[in-house]
Amino acid sequence: MKIEALGVEHFYGHEKVLNGVDITILPGSFTAIIGESGSGKTTLLSILSTLLQPSAGIVKYDGKILSELGNIDRFRRHNIGFVFQFHYLISYLTLRENIALGAIDESRVESLLQSLGIAKLSHRYSDEVSGGERQRAAIARALVNAPSVVFADEPTGNLDSKNALGVYELFREFSHQGTGFVVASHDKKIADYADIIIEMEDGLVKQIHQ
Ligand SMILES: Nc1ncnc2c1ncn2[C@@H]1O[C@H](COP(=O)(O)OP(=O)(O)O)[C@@H](O)[C@H]1O
Ligand SMILES: [Mg+2]
């Protein structure tokens, strides 16, 4: 899915935190949004991922604005995956049950457990595995409905650098298979793995590297 932001602005109260952002996210690309804390990464990611309505400007999904997409819950379920800094797995469910929870059908659960290297841990509860393994389960959960694009906000914020690089490597591998990733991170190392790097500063796109 191609995602275009056109003149996107955002205010929290009177504070303007996005100052007119114009970007295009290409289908199947691994796009990193980097920048200092407070530069507007989370706000921009939330708007691109349909979770937040911009104060001004528009976002198009394959040429359609939000109000043209029909049922928004259905649109998200079929097209978008989400990964957050804190994994938000349900501690009363096993990793496998967490991954299957939002699945439209369970056909991809086993292969995702395999490809994310957590098949042997699939019957453990989330507090019985490491932080890196939990985050891999959260990535599997985001991928379970074969979304066109996965949005991740600081997905490695709680991981050591080895596990963080492992997560970027996974994003790169899955993007080569056609899933898009849009990842906000203050970790500059992500730039070594992404296809496109959007650098934010003070609510503006400072530079785009590809
Ligand atoms: N819910 C909110 N209410 C008010 N201000 C907010 C809110 N969320 C973020 N901000 C402010 O907006 C600016 C951009 O924040 P954010 O998008 O979270 O940036 P980043 O993810 O790059 O750290 C910051 O100045 C932050 O304090
Ligand atoms: Mg943030």
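The chain is numbered in sequence order, starting from 1. Each ligand, and each atom within it, is numbered from 1 in the order the structure gives. Since the structure is predicted, the reported quantities are computational estimates derived from the model, not experimental observations.
- Donor-acceptor pairing under 3.5 Å is lacking for the side chains of T94 and R124.
- No donor-acceptor contact under 3.5 angstrom links the side chains of S148 and Y61, judged on distance only.
- Taking the centre of each ring, H176 and F174 stay at or above the 6.0 Å mark.
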Exercise for the section: Any chance you could lay out the side-chain contact (heavy atoms from CB on, under 4.5 Å) test for V183 and I190, step after step, and finish with the verdict? Expected result: CA-CA 9 Å; V183 185; I190 195 173; 3.6 Å; yes
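- Evaluation of the side chain to side chain donor-acceptor pair (under 3.5 Å) rule for D192 yields no partner, not counting sequence neighbours.
- The set of protein atoms (N, O or S) found at less than 2.8 Å from the Mg ion (ligand 2) reads T42 OG1, by chain and number.
- Below 30°, between 30° and 60°, or above 60°: for H10 and Y12 the angle between ring planes is above 60°, a perpendicular geometry.
- If you chain together ILVMFWY residues whose side-chain heavy atoms come under 4.5 Å of each other, Y92 ends up grouped with I90, L93, L101.
- Side-chain contact annotation: D153 with T42, donor-acceptor N/O pair under 3.5 Å present.
- Every protein residue with a heavy atom nearer than 4.0 Å to ligand 1 is included here: Y12, E15, V17, E36, S37, G38, S39, G40, K41, T42, T43.
- When every heavy atom of D127 is checked against every heavy atom of R134, the shortest pair comes out as CA-NH1, 3.8 Å.
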